[in-house]
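In what follows, every chain begins at residue 1, and chains take the letters A, B, ... in the order their sequences are listed. Treat the numbers as computed from the prediction; the structure is a model and nothing was measured.
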Amino acid sequence: MKRETMQKEYDPEYVESKWQRIWEEKQLFRVEEDPTKKKYYLLEMFPYPSGNIHMGHVRNYAIGDVVARYKRMQGYNVLHPMGWDAFGMPAENAAIAHNVHPAKWTYQNIDVMRSQLKRLGFSYDWDRELATCKPEYYRWEQWLFVKMFEKGMAYRKKSFVNWCENCQTVLANEQVEAGLCWRCSQVVVQKELDQWFLRITDYADDLLEYCDRIPGWPEKVVTMQKNWIGKSVGAEIHFPLENRDGHIPVFTTRQDTVFGATFMCMAPEHPLVARLAAGTEQEAEVQGFIERMKRQDTAKRTSDDYEKEGVFVGAHCINPFTKQRMPIFTANFALMEYGTGAVMAVPAHDQRDFEFARKYGLEIIVVIQPKGEALDPESMTEAYIDEGILVRSGPFDGLENVKAFDAIADYLEEKKTGKRTVSFRLRDWGISRQRYWGAPIPVVYCKKCGVVPVPEENLPVMLPEDAGMLEGGRSPLPELEGFVKTSCPACGHPDARRETDTMDTFVESSWYFERYCSPGHDKGMFDKKAVGYWMPVDQYIGGIEHAILHLLYSRYFTRVLRDFGLVTYKEPFTRLLTQGMVCKETHKCPDHGFLYPEEAVVKDQSRTCKHCGSEVGVGRIEKMSKSKRNVVDPNTLIEKYGADTLRLFCLFAAPPERDLDWSDQGVEGGYRFLKRIWRLVAEHVADVQTAKPFDEEKELTGDLKRLHRKIHQTVKRVTNDIEARFHFNTAISAVMELVNTIHAVKAGILSTPEGASVLRLALETVIVLLSPIVPHLTEELWEALGNSGSVLETSWPTYREEAIAEDEILIVVQVNGKVRSRLNIAADADEEAIKTAALADDRAVARIAGRPVKKVIVVQKKLVNIVV
RNA sequence: GCGAGGGUGGCGAAAUUGGCAAACGCACUGGACUUAGGAUCCAGCUCCCGCUUAGGGAUUGGGGGUUCAAAUCCCCCCUCUCGCACCA
């Protein structure tokens with residue numbers, strides 16, 4: 001296979017397979033802990049093995065690979081692993097559709113996708129590959145679950161949960177998007193079930209507080225997490241029931257308005273609602289309302305035209321401050337999941353309560369007066385929610401409301417009729433899934449002992465592989481006698497049942513980054529020493545769609561592991577980069593919907609549908625997706641242009657955090673650039689074969705001096721663009737400029753010994769700087785120049801400021817802020833000299849036109865502004 | 001409604017600290033080489049005015065401000081994308 005001389009034309013297929021083979025033979029990407037070297041853990045979000053690598057993966061992993069290779073060339077010991085988020089529903093759906101076991105489908109996909117990733121030349125340490133569906137992985141997750149159960153951090157509770165009829169399973173709050181299932185967009189309904197929860201709310205405060213201590217995260221993600229956690233500081237107030245024992249606890253952030261509370265609103269699901277209505281003449285109406293609300297789906301409840309409505313439950317409670325009777329309503333806007341499920345309604349100072357009061361003719365009492373204004377409940381058109389002075393508030397009259405927050409809270413605590421409290425929007429994480437293809441929850445239900453965790457020595461609870469898939473997506477586990485029937489691990493009673501729910505797949509992805517540190521470890525979740533060396537992840541890269549879900553769960557899990565003494569840090573990901581989506585224009589036919597580009601026949605200026613001849617609209621640029629038929633297949637492109645071109649385009653077309661608009665012509669342009677470099681080296685390889693890279697000892701002149709300067713400038717720019725900003729697009733531009741500069745050097749000069757030496761430095765610089773981006777091409781060229789070993793093993797080039805310095809500098813001459821002239825001036829010219837030169841400039845003089853010069857501003861090495 | 005991030009040529013974009021707006025690339029136009037070019041090389045390429053030469057003017061979503069100087073800083077508005085949304 002070895003070619004003796006360099007081919008004239010760039011052949012990506014040959015070059016890429018050759019170097020991929022060499023890398024593998026030399027095991028170039030293997031890493032181990034090495035205390036003598038600084039570590040760098042670079043991680044990209046691992047893929048779900050859906051079948052094929054798509055362009056979003058290519059972009060994500062191309063970005064990561066540049067950083068991994070760059071850091072390695074900087075001398076870091078780089079951990080760059082890859083694996084599979086392998087449990088999940090698509091496997092079950094495919095199993096039902098194609099009658100193949102989810103495991104088989106998953107492992108086949110993994111094989112295909114692994115070879116695709118290898119074909120792209122990413123520098124992964126494949127020895128660390130893991131798949132979360134393997135028992136040796138989920139075994140430790142079950143182990144942690146048991147530990148959490150023992151500490152009360154995992155618990156079982158009957159509650160209303162989000163249910164997707166299509167997926168036949170429960171969804172976490174984080175998995176409901178605008179009332180729809182995040183996966184299939186089916187409307188989510190509420191269903192009451194016994195479910196396992198993880199007590200993430202115990203860490204709500206800590207998770208929130210640390211949001212401000214992860215400076216390496218994009219602000220956007222941090223705010224999204226803060227909003228999701230949604231902390232509200234306020235008070236709980238107890239409203240005694242009239243004519244019976246007990247009280248209704250209420251959460252409020254506006255305890256300063258409590259004297260204006262004139263009625264009570266409770267969530268329809270609130271257990272007290274039906275009890276209070278029982279036996280009253282309201283009972284039937286209240287029951288009807290509760291039933292109606294239960295049937296209403298979340299999507300409807302959150303729509304814009306959703307009207308506030310409620311029903312009087314036939315009972316009253318007492319405002320503990322005013323002793324006034326307050327009618328109790330059940331209302332659709334009161335949410336059982338938030339606060340206590342009951343709201344004290346203060347219509348004068350809350351817009352929602354105001355509307356409700358107006359609708360049902362309820363009393364409105366103003367208790368906060370704005371300064372210099374008197375509010376009249378009769379004429380108010382909206383609630384007054386701003387600051388003011390308390391009125392009609394007994395002992396608190398005259399107090400500024402901002403001060404009343406504390407005063408009233410103190411009073412509550414003193415009288416024991418309430419207390420200061422904090423409410424979070426964040427709910428505990430429901431992890432039970434009524435699905436087959438997931439990690440079994442390691443619990444047994446015993447007639448005698450109740451809920452019994454599976455002891456460590458019996459782990460893992462293996463997911464039975466002999467399950468047949470059921471129609472409609474129902475889990476086969478509850479019907480698998482061999483799995484369900486077991487004996488109690490505690491008392492040995494033979495009549496015990498296994499839990500048949502599996503864990504949410506987000507549990508697996510909440511600790512895989514630790515597992516990578518010691519993937520084969522069989523004495524625990526991970527080897528503490530390995531984790532101590534590698535963790536935390538220095539740079540994490542992935543899509544913004546995980547801003548809450550995966551990233552919040554991972555932060556939570558890290559805290560749990562820390563409390564078990566397994567890790568020493570709190571935050572798993574020091575820096576986070578959320579890359580943009582890969583987008584492309586869509587084609588839409590009025591009759592046939594979205595079309596593939598080849599189904600839109602180009603005729604003259606317009607396009608017509610291949611099937612019906614209707615005019616095809618070129619739709620907006622949207623995220624690539626199969627359903628929109630605007631995807632580009634990486635395989636096809638690799639075949640045509642090679643992996644390097646594909647990587648280059650993904651990095652060049654846009655900075656990583658921004659969306660990338662796909663352009664076939666842009667890919668072509670990238671290919672052209674690589675061919676251009678190839679020819680450049682091929683053309684000069686004989687000249688520079690024996691030359692040494694220019695070693696800086698001699699003073700250069702003319703084109704060579706310019707080229708030499710450009711080399712150093714390029715090293716500086718590329719290093720800075722990658723290191724500080726991850727702006728690979730400008731890094732590539734800089735190398736393109738260097739290549740253009742080489743081309744511009746007059747032919748004869750390069751064949752002199754001095755020329756050859758500078759040229760060699762130039763070519764090697766191009767090669768080394770591009771090597772993290774297009775690794776295969778650069779390996780081949782590196783070798784062609786007579787170097788041995790891999791480019792990856794060379795160190796990253798450095799630059800010298802003296803070499804960058806220009807002798808002459810272009811100074812812009814402005815008159816009144818407008819550019820009027822430019823002059824070349826010695827780089828070391830002082831301010832006075834620049835000023836004199838500018839004032840003597842012909843064009844400047846003409847513009848000044850004899851007017852007196854008021855002021856001259858000189859910016860060293862940049863410009864002169866003459867103000868007249 | 002609340003929060004975040006965008007808006008710069010025909011297109012993707014660049015401008016790191018307030019200091020020449022449009023680097024680099026795509027597309028396009030012209031030329032060279034050529035049997036041919038969808039290969040390659042060279043040149044041009046924001047808009048308007050202009051004796052197509054010289055030159056002048058305008059321009060970073062819109063309006064105002066600060067400054068010798070604003071894509072960049074401040075205020076108001078428009079618009080797009082994303083996230084949350086009856087949160088008591």
Side-chain angles (χ1 to χ4, degrees), chain A residues 9 177-179 218-228 230-232 234 250-254 257 261 265 267 301-304 306-308 331-335 337-346 350-353 355-356 423-425 544-545 547-548 580-581 620-622 649 652-655 657-670 672-673 675-676 679 717 720-721 724-725 727 729-737 739-740 743-744 810-822 843 854-868:
Chain A
E9 286 302 318
E177 294 172 349
E219 202 187 298
K220 183 188 170 110
V221 177
V222 171
T223 11
M224 277 169 76
Q225 294 220 347
K226 282 185 188 170
N227 292 342
W228 188 262
K231 181 177 180 173
S232 306
V250 152
F251 173 73
T252 180
T253 53
R254 290 297 305 270
T257 65
C265 287
R301 278 184 82 155
T302 52
S303 72
D304 289 342
Y306 186 68
E307 208 189 318
K308 291 159 195 40
N332 56 358
F333 61 79
L335 309 170
E337 317 87 73
Y338 188 75
T340 62
V343 188
M344 69 170 204
V346 185
D350 180 285
Q351 185 57 26
R352 198 186 43 201
D353 298 346
E355 286 167 30
F356 196 84
S423 198
F424 290 95
R425 218 187 73 99
I544 185 76
E545 65 273 17
I548 297 172
M581 298 180 298
R620 15 176 294 169
I621 294 170
E622 291 189 69
F649 175 73
F652 181 61
E657 65 276 12
R658 223 188 278 192
D659 285 352
L660 185 156
D661 290 345
W662 190 262
S663 154
D664 290 331
Q665 284 158 336
V667 178
E668 196 77 48
R672 219 150 42 214
F673 173 59
K675 284 196 287 188
R676 194 154 184 247
R679 276 195 310 273
R717 278 181 62 188
N720 190 47
D721 282 347
R725 313 197 302 158
H727 278 202
N729 55 333
T730 49
I732 294 165
S733 308
V735 180
M736 283 173 169
E737 282 185 47
V739 170
N740 291 345
H743 271 277
L810 187 72
I811 298 282
V812 171
V813 182
Q814 296 182 334
V815 178
N816 284 345
K818 284 191 188 269
V819 180
R820 294 306 178 187
S821 183
R822 293 178 173 86
R843 290 159 187 261
K854 282 189 203 144
K855 204 175 182 183
V856 179
I857 287 122
V858 179
V859 181
Q860 282 282 312
K861 301 188 177 185
K862 285 216 168 100
L863 63 70
V864 180
N865 190 9
I866 303 164
V867 186
V868 295

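Rounded to the nearest Å, the gap between the C1' atom of B/rC75 and that of B/rA21 is 24 Å. Straight-line distance between the C1' atoms of B/rC28 and B/rC68: roughly 41 Å, to the nearest whole Å. Between B/rC80 and B/rG62, the two C1' atoms lie 15 Å apart (nearest whole Å). Comparing the P positions of B/rA27 and B/rU16 gives a spacing of 28 Å, expressed to the nearest Å. A gap of 39 Å separates the C1' atoms of B/rG30 and B/rA69, to the nearest Å. Nucleotides B/rG19 and B/rC73 are separated by 14 Å at their C1' atoms, to the nearest Å. Here the separation of B/rG31 from B/rG37, taken at their C1' atoms, is 15 Å to the nearest Å. The same atom, P, is picked in B/rC82 and in B/rG64; the two are 32 Å apart, to the nearest Å.
Residues A/I857 and A/Q814 form no side-chain contact, since every pair of their non-hydrogen atoms from C-beta on lies 4.5 Å or further apart. You'll find the side chain of A/I866 stays beyond 4.5 Å of the side chain of A/R820, heavy atoms only. Under the 4.5 Å side-chain criterion, counting only non-hydrogen atoms from C-beta, A/V813 is not in contact with A/V819.
The distance from the NE2 atom of A/H743 to the CZ atom of A/R679 is 7.0 Å, given to the nearest 0.5 Å. Atoms CZ and NZ, from A/R425 and A/K231 in turn, are 16.0 Å apart once rounded to the nearest 0.5 Å. Rounding to the nearest 0.5 angstrom, the gap separating the CG atom in A/N332 from the SG atom in A/C265 is 9.0 Å.
A/D353 comes within 4.0 angstrom of no nucleic acid atom, judged by non-hydrogen atoms across all strands. A/G230 comes within contact range of no nucleotide atom at all, as no heavy-atom separation falls under 4.0 Å.
Taking atom NZ on A/K308 and atom P on B/rA85, their separation rounds to 15 Å, with Å as the unit. Going from atom CE of A/M224 over to atom P of B/rC2 covers 19 Å, rounded to whole Å. Rounded to whole Å, the distance from CH2 on A/W228 to C1' on B/rA85 is 11 Å. Between the P atom of B/rC42 and the NE2 atom of A/H743 lies a distance of 7 Å, rounded to the nearest Å. Across the protein-nucleic acid pair, A/Q814 atom CD and B/rC20 atom P stand 8 Å apart, rounded to whole Å. Between the P atom of B/rG6 and the CD1 atom of A/I544 lies a distance of 12 Å, rounded to the nearest Å. In this structure, A/R820 atom CZ and B/rG19 atom C1' are separated by 16 Å, rounded to whole Å. A/E737 places its CD atom 12 Å from the P atom of B/rA15, with the value rounded to the nearest Å.
Residues A/D353 and A/M344 share a closest heavy-atom pair of OD2-O, 3.8 Å. Smallest separation of non-hydrogen atoms from A/T730 and A/D721: OG1-OD2, 2.9 Å. Contact between A/G817 and A/N865 at its shortest, heavy atoms only, is N-OD1, 3.0 Å.
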Next item on the list: Would you please test A/R254 and A/V346 for side-chain contact (heavy atoms from CB on, under 4.5 Å) and show each step?
Entry: CA-CA 9 Å; A/R254 290 297 305 270; A/V346 185; over 6 Å; no

Next item on the list: Report the C-alpha distance between A/V867 and A/N816 in whole Å, list the side-chain angles of each, state the deciding distance to 0.1 Å, and finish with yes or no for side-chain contact (heavy atoms from CB on, under 4.5 Å).
Entry: CA-CA 5 Å; A/V867 186; A/N816 284 345; 3.8 Å; yes

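By the ring pair (Phe, Tyr, Trp, His ring centres under 6.0 Å) test, A/W662 pairs with A/F649, sequence neighbours left out. Every ring pair (Phe, Tyr, Trp, His ring centres under 6.0 Å) that A/F356 has, sequence neighbours left out, goes to A/F263, A/F329, A/F333, A/Y360. Residues meeting the salt bridge (Lys or Arg N to Asp or Glu O under 4.0 Å) test with A/E737, sequence neighbours left out: A/K710, A/R717. A/S663 meets the side chain to side chain donor-acceptor pair (under 3.5 Å) test with no other residue; sequence neighbours excluded. Taking A/F251 as the reference, nothing meets the ring pair (Phe, Tyr, Trp, His ring centres under 6.0 Å) condition, with sequence neighbours excluded. Applying the side chain to side chain donor-acceptor pair (under 3.5 Å) criterion to A/K862, with sequence neighbours excluded, gives no partner residue.
For A/R425 against B/rC87, no side-chain N or O and base N or O form a donor-acceptor pair under 3.5 Å.
Under the side chain to side chain contact (heavy atoms under 4.5 Å, CB included) rule, A/V222 has a single partner from A/K220, A/K226, A/Q225, which is A/K226.
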Would you tabulate the nitrogen or oxygen pairs shorter than 3.5 Å linking the protein to nucleotides 27-30 of chain B?
unit_1, atom_1, unit_2, atom_2, d
B/rA27, OP2, A/R672, NH2, 3.1

Short N/O separations, protein against nucleotides 12-14 of chain B, under 3.5 angstrom:
unit_1, atom_1, unit_2, atom_2, d
B/rG12, O2', A/A653, O, 2.6
B/rA13, O3', A/N729, ND2, 3.4
B/rA14, OP1, A/N729, ND2, 3.0
B/rA14, OP2, A/R658, NH2, 3.0

Is there any protein nitrogen or oxygen under 3.5 Å from a nitrogen or oxygen in nucleotides 34-37 of chain B, and what are the pairs?
none

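Contact check of residues 858-868 of chain A against RNA chain B (heavy atom, cut-off under 4.0 Å) returns A/V859, A/K862, A/L863, A/N865, A/V867.
Counting only Watson-Crick and G-U wobble pairs whose two distances sit under 3.5 Å, RNA chain B takes part in these stems of three or more pairs: B:1-7 with B:78-84, B:10-12 with B:24-26, B:28-32 with B:40-44, B:46-49 with B:55-58, B:61-65 with B:73-77.
When distances run from any side-chain atom of A/R676 to the nucleotides B/rC24, B/rC42, B/rA4, the shortest one goes to B/rC42. For A/Y338, whose side chain is taken as the heavy atoms from C-beta onward, the closest listed nucleotide among B/rG3, B/rC24, B/rA88 is B/rA88.
Residue A/R679 places no side-chain N or O under 4.0 Å from the OP1 or OP2 atom of B/rA39. One finds a side-chain N or O of A/K855 lying less than 4.0 angstrom from the OP1 or OP2 phosphate oxygen of B/rC68. For the OP1/OP2 pair of B/rA70 and a distance below 4.0 Å, the side-chain nitrogens and oxygens of A/K818 include no atom meeting the criterion.
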Next item on the list: Produce a footprint string for nucleotides 44-49 of chain B: one letter per nucleotide, 5' end first; B if the base is under 4.0 Å from any protein heavy atom, S if only the sugar-phosphate is, - if neither.
Entry: ------

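Residue-to-nucleotide proximity on RNA chain B shows that, of A/R352 and A/N816, the 5′-proximal contact is made by A/N816. Nearer the 5' end of RNA chain B, as judged by each residue's closest nucleotide, is the contact made by A/S733, out of A/I857 and A/S733.
Syn is the glycosidic conformation of B/rG9, whose angle stays within 90° of 0.
Remark: side-chain polar atoms of A/D659 are not paired, donor with acceptor, to backbone N or O of A/G580 under 3.5 angstrom. Although no hydrogens or angles enter the test, the distance criterion places no donor-acceptor pair under 3.5 Å between the side chain of A/D350 and the main chain of A/A345.
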